[in-house]
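Worksheet: the structure to be examined is printed underneath.
Below, each value reflects all heavy atoms present in this structure, side chains not excepted, and no hydrogens, waters or symmetry copies. Per chain, numbering begins at 1; letters A, B, ... match sequence-line order.
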Number of protein chains: 2
Amino acid sequence: MLLALLDGKAYTANELARAADITPPTASFHLDKMLKAGLLALVRQGRYRYFRLAGPDVARTLESILSLQHAPLPRQIVSSCPPRLREARTCFDHIAGALGVRIYRAITSRGWTTHTDAQFAITPAATDFLGELGIPRDMLPVKSTPCLDWSEREFHFSGDFGRLLLQAMLSKRWVLGGKSRQLTMTEAGQRRLAAWEI
Amino acid sequence: MLLALLDGKAYTANELARAADITPPTASFHLDKMLKAGLLALVRQGRYRYFRLAGPDVARTLESILSLQHAPLPRQIVSSCPPRLREARTCFDHIAGALGVRIYRAITSRGWTTHTDAQFAITPAATDFLGELGIPRDMLPVKSTPCLDWSEREFHFSGDFGRLLLQAMLSKRWVLGGKSRQLTMTEAGQRRLAAWEI
DNA sequence: TCCATACTTCGATACCCATCGAACCTGTGC
DNA sequence: GCACAGGTTCGATGGGTATCGAAGTATGGA
């Protein structure tokens with residue numbers, strides 16, 4: 001289970017049980033132990049409980065152990081989401097899928113957010129980025145609750161900021177919507193977003 | 001036992017058993033496993049079998065694991081050797097004790113040795129150092145077998161080079177001998193040796 | 001309101017594995 | 001050559017713990 005979690009993503013107890021060839025009760029038993037030991041962190045979302053490694057130090061330790069012997073490669077958990085929906089889709093009123101995770105990573109890794117527990121806020125440091133999207137600076141700080149992406153198992157932005165972001169990217173034609181939840185990124189959008197990544 | 005070995009020194013099965021509060025057979029059982037798993041290395045010397053961590057990667061992994069939780073500090077193994085003999089003493093015809101280990105470390109860390117398994121040789125790179133000791137350069141390469149120091153549990157030089165070194169250091173009055181095996185380092189010796197460390 | 005799903009808790013079982021005593025092996029020193 | 005200390009092997013034992021089925025809890029949707 002730890003090997004499966006080594007990709008940094010979050011998985012449910014049932015998924016990890018399947019990956020480790022054990023039954024859900026057994027998985028739950030061990031996950032609880034590792035949670036209490038501080039090796040894992042828990043993200044509750046509705047009726048789902050997602051487990052992920054508690055931090056980069058745990059990942060480093062695991063990799064350190066693996067480096068001593070080349071252990072058999074972990075059986076990676078495959079997503080049951082259709083590829084095109086995994087790319088980019090709407091999740092109610094905000095962006096989800098690989099695109100949503102990309103945006104979340106870009107913004108958090110630049111330090112444009114503050115957070116108290118699960119409440120995130122976009123700080124004025126993001127003014128330039130938001131300006132390009134036509135979001136006026138006097139709206140800052142915008143609040144947001146990170147939402148664990150169903151297909152990617154990493155976080156994306158929902159809440160006020162998630163809604164603003166989707167509206168802005170649609171009106172600027174960085175992404176195109178359709179009848180389904182699927183979103184398509186335009187070439188212009190690709191370029192602009194790439195410029196903001198690192 | 002691994003915690004006790006984390007100081008990088010080598011210990012016998014009985015010592016490690018005492019450190020871990022288990023009986024010698026139990027210690028032997030686990031040490032054998034870890035030896036086969038490649039976590040430990042073995043140094044045979046007479047009727048003694050010294051175990052040490054197989055390499056720096058094992059030490060790093062252990063420290064990585066310890067860093068996740070502040071584990072209780074390992075019970076360090078205390079040497080039964082009198083302090084003055086630990087400092088510096090003769091071992092047959094060469095230098096042992098902390099001084100012997102210091103010299104071994106200084107010379108090996110500078111890359112002045114080549115080795116095939118247990119056979120070491122001092123290379124011409126050490127010419128300056130040896131010259132200062134009055135050892136002519138045409139004697140190079142000098143052979144040496146590293147010997148696990150009884151009080152320090154790290155290696156020192158014995159063999160041809162160990163003998164030459166003791167004779168030279170005595171005649172240059174870097175160290176003074178006596179009736180017992182104890183050696184005393186002179187102030188001049190301290191200065192000269194310190195200059196060669198790192 | 002009711003069911004389906006995701007997940008955990010509980011209890012019983014079985015198995016693994018650490019542990020130790022006793023016997024055996026092997027170098028050392030007298 | 002003998003005694004002795006360091007060390008390992010062997011076999012039996014016991015305890016711990018992983019495991020799973022069944023039952024319970026919580027959440028979301030019809």
Exercise. Are H156(B) and Y104(B) close enough that their ring centers fall under 6.0 Å?
Worked result: no

Exercise. Are any side-chain N or O atoms of S109(B) and backbone N or O atoms of R105(B), one a donor and one an acceptor, separated by less than 3.5 Å?
Worked result: yes

Exercise. Just how far, in rounded Å, is C1' of dT17(D) from CG of D32(A)?
Worked result: 15 Å

Exercise. Does OP1 or OP2 of dA6(C) have a side-chain N or O of N14(A) closer than 4.0 Å?
Worked result: no

List, with names and distances, any nitrogen or oxygen atoms from the protein found under 3.5 Å away from nitrogen or oxygen atoms belonging to nucleotides 12-22 of chain C.
| from | atom 1 | to | atom 2 | distance (Å) |
| --- | --- | --- | --- | --- |
| dA18(C) | OP2 | K33(B) | NZ | 3.0 |
| dT19(C) | OP2 | H30(B) | NE2 | 2.9 |
| dC20(C) | OP2 | T23(B) | N | 3.0 |
| dC20(C) | OP2 | T23(B) | OG1 | 2.9 |
| dC20(C) | OP2 | T26(B) | OG1 | 3.0 |

Seminar exercise, completed: When rounded to whole Å, the OH to P distance for the pair Y11(A) and dC7(C) reads 14 Å

For this session: Give the cluster check for L40(B) versus L42(B): same hydrophobic cluster or not, with ILVMFWY residues linked at side-chain heavy-atom distances below 4.5 Å.
Result: yes

Exercise. Is any side-chain N or O of R49(B) closer than 4.0 Å to OP1 or OP2 of dG6(D)?
Worked result: no

For this session: Only pairs at least two apart or in different chains count here, so list each side-chain hydrogen bond (donor to acceptor under 3.5 Å, both in side chains) that has a residue in residues 38-62 of chain B.
Result: S64(A)-T61(B)

For this session: With D149(B) as reference, evaluate R86(B), K9(B), R89(B) under the salt bridge (charged side-chain N to carboxylate O under 4.0 Å, His left out) test and give the passing residue.
Result: R89(B)

Exercise. Should L2(A) and I65(A) be regarded as members of a common hydrophobic cluster, given that ILVMFWY residues are connected when their side-chain heavy atoms come within less than 4.5 Å of each other, either directly or indirectly?
Worked result: no

Exercise. Please give, in whole Å, the distance from dT9(C) C1' to L35(A) CG?
Worked result: 16 Å

Problem set entry | Nearest-angstrom distance from the residue atom CG of L31(A) to P of dA6(C) | 16 Å

Problem set entry | Distance-only side-chain donor-acceptor flag, Q190(B) / W174(B), under 3.5 Å | no

Seminar exercise, completed: Taken to the nearest whole Å, CG/L40(B) to C1'/dG7(D) is 16 Å

Exercise. Going hydrophobic residue to hydrophobic residue with side-chain gaps under 4.5 angstrom, can you get from L66(B) over to L39(B)?
Worked result: yes

Exercise. Counting any heavy atom closer than 4.0 Å, what does F51(B) reach on the DNA or RNA strands: base, sugar-phosphate only, or nothing?
Worked result: sugar-phosphate

For this session: Using heavy atoms and a sub-4.0 Å distance, could you list which residues of residues 41-48 of chain B are near DNA chain D? By number, please.
Result: R47(B), Y48(B)

Exercise. With a 3.5 Å cut-off and no angle check, do the side chains of T184(A) and R84(A) form a donor-acceptor pair?
Worked result: no

Problem set entry | Out of dC7(C), dT8(D), dG7(D), whichever nucleotide has its closest atom nearest the side chain of A13(A) | dC7(C)

